[in-house]
Amino acid sequence: SGGLADRCRVFDNDASIGGGGAGFINAGMLRNSVVDYNTAANGGGIMFQSGGSAVNCTIITNLATGADPVADGVWFDHGGSCTNSIVWGNNFQDWFRDSGGTMDYCCTTPEFTGGAANFTNNPEFANFAGQNYALAGTSPCIDAGQDSPWMLDALDFADRDRLFGVVDMGA
């Protein structure tokens, strides 16, 4: 319900009965983080309820297992936002907007309507099968994000300067 988690890997969690395999976000922020291989009945990766944000995250290879699964990657259930993030390569559906929620400067499928500068291209990871989600040199996610002041002295998931030119999408 608040706070900041920065440069984390949220991996291999299971919420089989509820939603948000990697967790519920109500008002806090997940930043520069990888959310992968999580499972939930709905919202296999992250379930946003009433707000919160994921900024410069890579949300990938998550699974929803419910009888009528909703969103393997991100489930916007009454708000929340993703910015500069890659929500791609999840099992069934990368995102679902139940009520509210925004995505801006994100690489995701299907296309998120109503957001700024989103696209559905393959993000082109260095080694997807080997769980190396660094961006390959040909990735359309390089220099495709929106810069923010906090990035000036921040590090990305791989301990490199977050801002080098225009910010990249993803962790």
Side-chain angles (χ1 to χ4, degrees), residues 1-64 66 70-90 94-108 112 114-118 123 131 133-135 141 144-164 166-171:
S1 292
L4 169 67
D6 190 32
R7 297 175 53 229
C8 300
R9 182 174 184 204
V10 185
F11 171 76
D12 200 26
N13 295 287
D14 187 350
S16 301
I17 296 172
F24 291 95
I25 299 179
N26 288 322
M29 178 185 292
L30 182 64
R31 186 170 72 187
N32 295 319
S33 296
V34 174
V35 176
D36 62 338
Y37 291 95
N38 298 287
T39 303
N42 291 297
I46 297 173
M47 181 179 179
F48 288 101
Q49 284 190 321
S50 306
S53 59
V55 180
N56 283 97
C57 292
T58 301
I59 302 168
I60 192 160
T61 61
N62 296 289
L63 173 65
V70 175
D72 295 294
V74 173
W75 179 12
F76 296 104
D77 182 30
H78 301 93
S81 66
C82 284
T83 306
N84 294 343
S85 294
I86 300 170
V87 183
W88 191 88
N90 295 285
D94 288 323
W95 62 268
F96 179 77
R97 181 171 31 187
D98 191 28
S99 177
T102 61
M103 291 183 102
D104 295 304
Y105 295 87
C106 290
C107 175
T108 189
F112 190 92
N118 297 316
Q131 300 177 24
Y133 307 128
L135 301 176
C141 299
Q146 181 181 40
D147 295 347
S148 294
W150 68 265
M151 297 173 181
L152 292 173
D153 59 357
L155 298 175
D156 67 11
F157 187 74
D159 292 329
R160 292 184 291 246
D161 289 338
R162 173 81 269 176
L163 192 58
F164 186 78
V166 176
V167 70
D168 297 339
M169 292 177 176

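Residue numbers start at 1 and run along the sequence shown.
- Here the side chains of Ile86 and Leu135 are in contact, with some heavy-atom distance below 4.5 Å.
- Atom CE of Met47 is separated from atom CG of Asn42 by 7.5 Å, given to the nearest 0.5 angstrom.
- Of the candidates Asn32, Asp168, Asp156, Asp153, Arg162 forms a side chain to side chain donor-acceptor pair (under 3.5 Å) with just one, namely Asn32.
- For the pair Asn118 (side chain) and Tyr105 (backbone), a donor-acceptor distance under 3.5 Å is present.
- In this structure, CZ on Phe48 lies 14.0 Å from CG on Asp98, to the nearest 0.5 angstrom.
- Closest heavy-atom contact between Ala171 and Ser33: CB-O, 3.5 Å.
- Looking at every heavy atom in both residues, Ala15 comes nearest to Gly20 through CB-O, 4.0 Å.
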Practice problem: Tell me, with the steps shown, if Val35 and Thr58 meet side chain to side chain contact (heavy atoms under 4.5 Å, CB included). | Solution: CA-CA 6 Å; Val35 176; Thr58 301; over 6 Å; no

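- Interatomic distance, Met29 CE to Cys57 SG, rounded to the nearest 0.5 Å: 9.0 Å.
- For Asn62 and Asn90, the side-chain atoms include at least one donor-acceptor pair closer than 3.5 Å.
- Considering CG of Asp72 and CH2 of Trp95, their distance stands at 13.5 Å, rounded to 0.5 Å.
- Phe11 and Tyr37 have perpendicular rings, their planes meeting at more than 60° on a 0 to 90° scale where under 30° would count as parallel.
- Remark: side-chain polar atoms of Asn38 are paired, donor with acceptor, to backbone N or O of Asn13 under 3.5 angstrom.
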Self-check item: Residue pair Asp36, Tyr133: steps toward the side chain to side chain contact (heavy atoms under 4.5 Å, CB included) verdict
Solution: CA-CA 10 Å; Asp36 62 338; Tyr133 307 128; 3.3 Å; yes

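- The main-chain N or O of Asp147 is never found under 3.5 Å from a side-chain atom of Asn84 such that the two would form a donor-acceptor pair.
- No side-chain donor-acceptor contact under 3.5 Å links Asp77 to the backbone of Gln49.
- For the pairing with Trp88, the side-chain contact (heavy atoms from CB on, under 4.5 Å) check across Thr61, Ile60, Thr108 returns one residue only, Ile60.
- Geometrically, Arg9 does not engage Phe157 in a cation-pi contact defined by less than 6.0 Å to the ring centre and at most 45° from the axis.
- In this structure, Phe112 and Val87 have side chains that are not in contact, with every pair of non-hydrogen atoms separated by 4.5 Å or more.
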Exercise. Please report the C-alpha distance between Met151 and Asn56 in whole Å, then the side-chain angles of each, then the deciding distance to 0.1 Å, and finally whether the side chain to side chain contact (heavy atoms under 4.5 Å, CB included) criterion is met.
Key: CA-CA 10 Å; Met151 297 173 181; Asn56 283 97; 3.5 Å; yes

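- Going from atom CG of Leu30 over to atom OG of Ser53 covers 8.5 Å, rounded to the nearest 0.5 Å.
- How far CZ of Arg97 is from NE2 of His78: 13.5 Å, rounded to the nearest 0.5 Å.
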